[in-house]
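These notes concern the structure reproduced below.
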Number of protein chains: 2
Amino acid sequence: MKYREEIFAVLRFHKLRLTKTRQAVVELFVRNETPLSVPDILLALHKRQAGVNKTTVYRELERLQAIGVLEPVQLGDRKQYYELASRKHHHHLVCLQCERVEDIDMDEAVLFAEERKWSREKHFIILRHSLEFFGLCRQCQAA
Amino acid sequence: MKYREEIFAVLRFHKLRLTKTRQAVVELFVRNETPLSVPDILLALHKRQAGVNKTTVYRELERLQAIGVLEPVQLGDRKQYYELASRKHHHHLVCLQCERVEDIDMDEAVLFAEERKWSREKHFIILRHSLEFFGLCRQCQAA
DNA sequence: TTGACAAATGCAACTAAGTTGCGTTAGTAT
DNA sequence: ATACTAACGCAACTTAGTTGCATTTGTCAA
Ligand SMILES: [Mn+2]
Ligand SMILES: [Mn+2]
Ligand SMILES: [Zn+2]
Ligand SMILES: [Zn+2]
């Protein structure tokens, strides 16, 4: 809930209109702490009788990423996931069997040091990184 | 070149037949140090007049991963890439514009420590991790 | 050297994620 | 209230990956 007003302020700043779909999508991200894909969003909004079009959702997520409200997340399947960029930077534990995802917080100092080192050495401008751990969650270990 | 014989020994050990496609695929990975996707492989083998079927390639990569010859790599697009598992574990610098990929070697001690910590804390069995840095390569910075 | 048998292949049909073009709808500022 | 344009919805399309099944081909034992 806590990021809601800040995000709507960013939308106003970028002169993005407050449409039904945009509002619904933003609120989904505010309420959920897990990364969401387009199929996830379509399913969730369909359940709430909100008729949303997939093309619209794809375009919306692109825009929200462009203005820095959302960040891309890769979870190793062939879907693009997103999360609120306003949350503290973190990484994920992903279950290879049931797709369960847990946030993990770690000290990034080492990663940033590596970024500087390789940026210099390979002449790359590094914009972001992705670090995810894959394995089996507690439930799936039993089965 | 250097992993060729070891890999064929593993194939024999697992009683996998030495077929044309299998041989061609393995040799592509041995020759290329970059991660390869199915579309990459189809294109490469098609250029060399080797008629390969996409279903066969998908199934082949699955098998080679199952016996530990290949490892999955995620580069942030919606393709599954693979690399030789026999190479030293490493990570990647990926250009968001031209898809160029550079290998980077870093000290994993910190990552392994994190794995143990979160494994205990979240009751996950961690099997592998994926760490990739995204940005712009030297060529794409100019453009 | 030759078969037999299973492993591997090829094809067609299919699914799922994501993209594009274009005509229509609807927020917003004046 | 109106006009302007951002945003939307739909249909058609692309690309990555999957599945079932009939056919081919490596391998090993006779
Ligand atoms: Mn997260
Ligand atoms: Mn590599
Ligand atoms: Zn699980
Ligand atoms: Zn580049």
Side-chain angles (χ1 to χ4, degrees), chain A residues 7-28 35-46 48-67 69-70 72-82 94 96-97 99, chain B residues 7-28 35-46 49-67 69-70 72-82 96-97 99:
Chain A
I7 292 169
F8 286 122
V10 174
L11 297 182
R12 273 195 303 280
F13 176 80
H14 285 277
K15 309 205 184 321
L16 296 191
R17 295 173 178 175
L18 198 62
T19 65
K20 262 188 188 68
T21 305
R22 179 162 298 148
Q23 204 162 338
V25 168
V26 167
E27 272 164 4
L28 250 194
L36 298 174
S37 66
V38 169
D40 292 336
I41 292 168
L42 289 173
L43 191 73
L45 295 186
H46 203 270
R48 299 185 193 176
Q49 353 284 6
V52 276
N53 178 272
K54 73 167 177 165
T55 308
T56 303
V57 175
Y58 277 108
R59 294 199 269 231
E60 188 55 31
L61 296 187
E62 217 171 275
R63 268 177 233 134
L64 293 175
Q65 186 192 349
I67 63 170
V69 166
L70 294 181
V73 178
Q74 268 83 46
L75 297 185
D77 58 10
R78 53 204 202 79
K79 287 174 240 165
Q80 180 62 250
Y81 292 80
Y82 294 90
V94 183
L96 291 168
Q97 199 152 303
E99 309 255 275
Chain B
I7 293 169
F8 286 121
V10 174
L11 297 183
R12 271 194 305 278
F13 175 80
H14 286 274
K15 308 205 184 322
L16 297 191
R17 294 171 179 177
L18 198 63
T19 65
K20 262 186 187 70
T21 305
R22 178 161 298 149
Q23 203 161 339
V25 167
V26 167
E27 272 165 5
L28 250 194
L36 298 173
S37 67
V38 170
D40 292 337
I41 291 169
L42 289 172
L43 190 72
L45 296 187
H46 203 270
Q49 353 286 6
V52 275
N53 177 272
K54 72 167 178 166
T55 308
T56 305
V57 174
Y58 277 107
R59 293 199 269 230
E60 188 54 32
L61 297 187
E62 216 171 275
R63 269 175 231 135
L64 293 175
Q65 185 191 350
I67 62 170
V69 167
L70 294 181
V73 177
Q74 268 82 45
L75 297 185
D77 58 11
R78 54 203 203 80
K79 286 174 240 164
Q80 180 63 249
Y81 291 80
Y82 294 90
L96 291 168
Q97 198 152 302
E99 309 256 274

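Numbers restart at 1 for each chain; the letters A, B, ... are given by sequence-line order, proteins then strands.
In the set dG27(C), dC11(C), dC8(D), dG27(C) carries the atom at the smallest distance from any side-chain atom of R17(A). Closest approach to the T21(B) side chain among dC10(D), dA7(D), dT9(C) is made by dT9(C) (side chain taken as heavy atoms from C-beta onward). Ranking dT19(C), dT20(C), dT18(D) by closeness to the E62(B) side chain, first place goes to dT18(D). In this structure, of dA8(C), dC8(D), dG27(C), it is dA8(C) that holds the atom nearest to the side chain of T19(B). Nearest nucleotide to the side chain of K54(A), out of dT9(C), dG18(C), dC10(D): dG18(C). Listed nucleotides: dT9(C), dT15(C), dT19(C). Nearest to the side chain of R78(A): dT15(C).
A sub-4.0 Å separation between OP1 or OP2 of dG20(D) and a side-chain N or O of R59(B) is absent. The phosphate of dA8(C) has OP1 or OP2 within less than 4.0 Å of a side-chain N or O from R22(B). At the phosphate of dT19(C), neither OP1 nor OP2 sits under 4.0 Å from any side-chain N or O atom of Y58(A).
With salt bridges taken as basic N to acidic carboxylate O contacts below 4.0 Å, none links E62(B) and R59(B).
Closest approach of Q80(A) to P72(A), counting heavy atoms only: OE1-CB, 3.5 Å. Minimum interatomic distance between V25(B) and L61(B) (heavy atoms only, all atoms of both residues): CG1-CD2, 3.9 Å. Listed here is the closest heavy atom pair of P35(B) and D40(B): O-OD2, 4.1 Å. Contact detail for R22(A) and R17(A): the closest heavy-atom pair is NH1-O, 2.6 Å.
Taking atom CD of Q23(A) as the reference point, atom C1' of dA7(D) lies 15 Å away to the nearest angstrom. Here the P atom of nucleotide dG26(D) and the CZ atom of F8(B) are 14 Å apart, to the nearest Å. Spacing between atom CG of D40(A) and atom C1' of dA16(C) amounts to 13 Å, rounded to whole angstrom units. Following rounding to the nearest Å, N53(B) (CG) and dA16(D) (P) show an atom-to-atom distance of 15 Å. Between the CG atom of L11(B) and the C1' atom of dA8(C) there is a distance of 13 Å, given to the nearest Å. As a whole-Å value, the separation of D77(B) CG from dG17(D) C1' is 14 Å. Spacing between atom CZ of R63(B) and atom P of dA6(C) amounts to 16 Å, rounded to whole angstrom units. As a whole-Å value, the separation of K15(B) NZ from dA6(C) P is 15 Å.
The residue among T56(B) and P39(A) whose nearest nucleotide of DNA chain C lies closer to the 5′ end is T56(B). Place K20(A) and Q80(B) on DNA chain D by their nearest nucleotides, and K20(A) ends up nearer the 5' end.
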